[in-house]
S.K.: 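Below is the structure I would like to discuss, written out as structure tokens.
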There are 2 protein chains.
Amino acid sequence: MRKNAVEQLSEYLAGQGLRSTTQRDQILQVFISAGRHLSAEELYLRVKKPHPGIGYATVYRTLKLLAEAGLADERRFEDGFTRYEYKASDDHHDHLICTKCGAIIEFENERIEALQQDVARKNHFLVQNHKLELYGLCGNCQKNR
Amino acid sequence: MRKNAVEQLSEYLAGQGLRSTTQRDQILQVFISAGRHLSAEELYLRVKKPHPGIGYATVYRTLKLLAEAGLADERRFEDGFTRYEYKASDDHHDHLICTKCGAIIEFENERIEALQQDVARKNHFLVQNHKLELYGLCGNCQKNR
DNA sequence: ATTGATATTGAAAACCATTTTCAATACATA
DNA sequence: TATGTATTGAAAATGGTTTTCAATATCAAT
Ligand SMILES: [Mn+2]
Ligand SMILES: [Mn+2]
Ligand SMILES: [Zn+2]
Ligand SMILES: [Zn+2]
């Protein structure tokens, strides 16, 4: 996975007339090895440790670049931060988000996806992408009141 | 509808130890008579015409108040603005949003709602609210390329 | 390898929707 | 009508993100 992602980025950059840089590779490496749904600042802090020279703006720029290259998905939940997650291929999933502890659970549901298409069809609408987020309390947070 | 909403607001304010003001009533009136899914600035501009003295901050504050009072729903689509819509009662709907012209189509789908509950149950999750947005092209925008 | 054109970087400033501050004013209660 | 305080408008502050800019790094052409 790891080496392949770096190659994927290189190919995208070359194809766009952009340049490969050590910063971009380093940020990508840390991004992939870190957990999912990271904000720019969270990633910046993780990148800083092994690569202290890297700047804040470069992390922001690289995350946007990864999204454009198809290597990351950009998510805006209701916490005011843009979050990114590594995207293996063309997989898709939606989210359960705990409003108390911030836990994020991922799920896929074919039937919901199909019904969304039905809704779109009925409204002469062509869906490009969608967002389904369920906010509430995770199992743990229900127990602890 | 109109007079009732003003009364509803008054009751909420009284119950919270807050005060009724002419600004709040004026903003609510314009809010209800304007279209749905308005941003604070859009509402501010509409309010300015009949009530030039009203300030920007008051419109922001009143919209948040209306949401707390249950008179408005707060929506954050992907355009960077918080939008509000008048909420008659406890109705609920989701949205189709055209990425080209910005048109917003509302829909309800019982089966999707039910399946969401299934997903939540399977994950020991208690849903408080949810967001389902389908982004793409409306009928018109598909025709015009 | 060296050059040269230019893409990229880090630091700081700018951006921009929204929130907060604060002194003046309006509301509700006695 | 007086009084305590919630609310207002204007301006400043906030905070995540983007942009600016001079210095540096990349890479294709020598
Ligand atoms: Mn996810
Ligand atoms: Mn709506
Ligand atoms: Zn939780
Ligand atoms: Zn459209």
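Quick caveat: nothing in here was measured; it's all calculated off a predicted structure. We use all heavy atoms of the structure for the numbers below, so side chains are in, but hydrogens, waters and symmetry mates are not. All chains are named by letter (A, B, ...) in the order of the sequence lines, taking the proteins before the strands, and each is independently numbered beginning at 1.
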S.K.: Does Glu68(A), at its CD atom, have more than 12 non-hydrogen atoms belonging to other residues, nucleotides or ligands within less than 6.0 Å?
M.R.: yes
S.K.: Checking side chain to side chain contact (heavy atoms under 4.5 Å, CB included) for the pair Arg36(B)/Glu106(B): CA distance, chi angles, key distance, verdict?
M.R.: CA-CA 11 Å; Arg36(B) 300 173 80 78; Glu106(B) 305 182 338; 2.8 Å; yes
S.K.: Rounded to whole Å, please give me the gap between OH in Tyr12(A) and P in dT8(C).
M.R.: 11 Å
S.K.: CG of Asp25(A) versus P of dT26(D): gap in Å, rounded?
M.R.: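 Distance, rounded to whole Å: 10 Å.
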S.K.: Go through it in stages, so that I can follow the logic: the residues are Glu113(A) and Val127(A), the test is side chain to side chain contact (heavy atoms under 4.5 Å, CB included), and I'd like the CA-CA distance, side-chain angles, deciding distance and then a yes or no.
M.R.: CA-CA 11 Å; Glu113(A) 304 281 329; Val127(A) 178; over 6 Å; no
S.K.: Figure out the CD1/P separation between Ile27(B) and dG9(D), and round it to whole Å.
M.R.: 7 Å
S.K.: Closest to the Ala57(A) side chain: dT17(D), dT7(D), dA12(C)?
M.R.: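 When the side chain of Ala57(A) is considered, dA12(C) is the closest of dT17(D), dT7(D), dA12(C).
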S.K.: Can you hop from Ile32(A) to Tyr12(A) via hydrophobic side chains spaced under 4.5 Å?
M.R.: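 Same cluster: Ile32(A) reaches Tyr12(A) through Ile, Leu, Val, Met, Phe, Trp or Tyr contacts under 4.5 Å.
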S.K.: What is the separation between atom CZ on Arg83(B) and atom C1' on dA17(C), rounded to the nearest whole Å?
M.R.: 12 Å
S.K.: For a quick test of reading the model: is some side-chain N or O of Tyr60(A) closer than 4.0 Å to OP1 or OP2 of dT17(D)?
M.R.: yes
S.K.: Taking it one step at a time, do Asn109(B) and Asp94(B) satisfy side chain to side chain contact (heavy atoms under 4.5 Å, CB included)?
M.R.: CA-CA 8 Å; Asn109(B) 189 297; Asp94(B) 294 297; over 6 Å; no
S.K.: Separation of Tyr56(A) atom OH from dA14(C) atom P, in whole Å?
M.R.: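 It works out to 19 Å between those atoms.
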S.K.: What N/O pairs connect the protein and nucleotides 26-30 of chain C at under 3.5 Å? Give each pair on its own line.
M.R.:
{"residue": "dC27(C)", "atom": "O3'", "partner": "Ser20(B)", "partner atom": "O", "Å": "3.4"}
{"residue": "dC27(C)", "atom": "O2", "partner": "Arg19(B)", "partner atom": "NH1", "Å": "3.0"}
{"residue": "dA28(C)", "atom": "OP1", "partner": "Ser20(B)", "partner atom": "N", "Å": "3.3"}

S.K.: To check you understand the geometry: which heavy-atom pair defines the closest contact between Tyr135(A) and Thr99(A), and what is its length?
M.R.: CB-CG2, 3.9 Å
S.K.: In this structure, would Leu115(A) and Val119(B) fall into the same cluster of hydrophobic residues linked by side-chain contacts under 4.5 Å?
M.R.: yes
S.K.: Please tell me which of Gly53(A) and Gly17(A) maps to the more 5' nucleotide of DNA chain C, matching each residue to the nucleotide holding its nearest heavy atom.
M.R.: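 Comparing both residues, the 5'-ward one is Gly17(A).
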S.K.: Please report the distance, rounded to the nearest Å, between CZ in Arg24(A) and P in dG10(C).
M.R.: 11 Å
S.K.: Closest-nucleotide mapping onto DNA chain D: is Tyr84(A) or Lys48(B) further toward the 5' terminus? I mean the 5' end.
M.R.: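 Nearest-nucleotide comparison on DNA chain D picks Lys48(B).
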S.K.: Would you check, one step at a time, whether the test side chain to side chain contact (heavy atoms under 4.5 Å, CB included) holds for Asn129(B) with His92(B)?
M.R.: CA-CA 10 Å; Asn129(B) 59 72; His92(B) 166 74; over 6 Å; no
S.K.: To the nearest angstrom, how far is Gln16(B) atom CD from dT5(D) atom P?
M.R.: 19 Å
S.K.: Write down the distance between OH (Tyr44(A)) and P (dT18(D)), rounded to a whole number of angstrom.
M.R.: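 Tyr44(A) atom OH is separated from dT18(D) atom P by 16 Å.
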S.K.: Can you hop from Leu38(B) to Ile27(B) via hydrophobic side chains spaced under 4.5 Å?
M.R.: yes
S.K.: Quick check on the helix from dA1(C)-dT30(D) to dA30(C)-dT1(D): what's the angle between its two end axes, five base pairs per end, to the nearest 10°?
M.R.: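 Angle reported: 30°, given to the nearest ten degrees.
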S.K.: Who passes ring pair (Phe, Tyr, Trp, His ring centres under 6.0 Å) against His124(B), sequence neighbours left out?
M.R.: none
S.K.: Distance-only criterion, 3.5 Å: show the donor-acceptor pairs between side-chain atoms of residues 43-67 of chain A and protein atoms not counting sequence neighbours.
M.R.:
{"residue": "Tyr44(A)", "atom": "OH", "partner": "Lys48(A)", "partner atom": "NZ", "Å": "3.2"}
{"residue": "Lys48(A)", "atom": "NZ", "partner": "Pro52(A)", "partner atom": "O", "Å": "3.0"}
{"residue": "His51(A)", "atom": "ND1", "partner": "Gln26(A)", "partner atom": "NE2", "Å": "3.4"}
{"residue": "Thr62(A)", "atom": "OG1", "partner": "Thr58(A)", "partner atom": "O", "Å": "2.7"}

S.K.: Can you list, in residue-number order, the parts of residues 61-82 of chain B that come under 4.0 Å of DNA chain C, counting heavy atoms only?
M.R.: Arg61(B), Lys64(B), Gly80(B), Phe81(B), Thr82(B)
S.K.: Could you list the donor-acceptor pairs under 3.5 angstrom formed by side chains in residues 71-83 of chain A, with sequence neighbours left out?
M.R.:
{"residue": "Glu74(A)", "atom": "OE2", "partner": "Tyr84(A)", "partner atom": "OH", "Å": "2.9"}
{"residue": "Arg75(A)", "atom": "NE", "partner": "Glu85(A)", "partner atom": "OE2", "Å": "2.7"}
{"residue": "Arg75(A)", "atom": "NH2", "partner": "Glu85(A)", "partner atom": "OE2", "Å": "3.1"}
{"residue": "Arg76(A)", "atom": "NH1", "partner": "Thr82(A)", "partner atom": "OG1", "Å": "3.4"}
{"residue": "Glu78(A)", "atom": "OE1", "partner": "Lys131(B)", "partner atom": "NZ", "Å": "3.2"}
{"residue": "Asp79(A)", "atom": "OD1", "partner": "Phe81(A)", "partner atom": "N", "Å": "3.1"}
{"residue": "Asp79(A)", "atom": "OD2", "partner": "Arg83(A)", "partner atom": "NE", "Å": "2.9"}
{"residue": "Asp79(A)", "atom": "OD2", "partner": "Arg83(A)", "partner atom": "NH2", "Å": "3.0"}
{"residue": "Arg83(A)", "atom": "NH1", "partner": "His37(A)", "partner atom": "O", "Å": "2.8"}
{"residue": "Arg83(A)", "atom": "NH1", "partner": "Glu42(A)", "partner atom": "OE1", "Å": "3.1"}

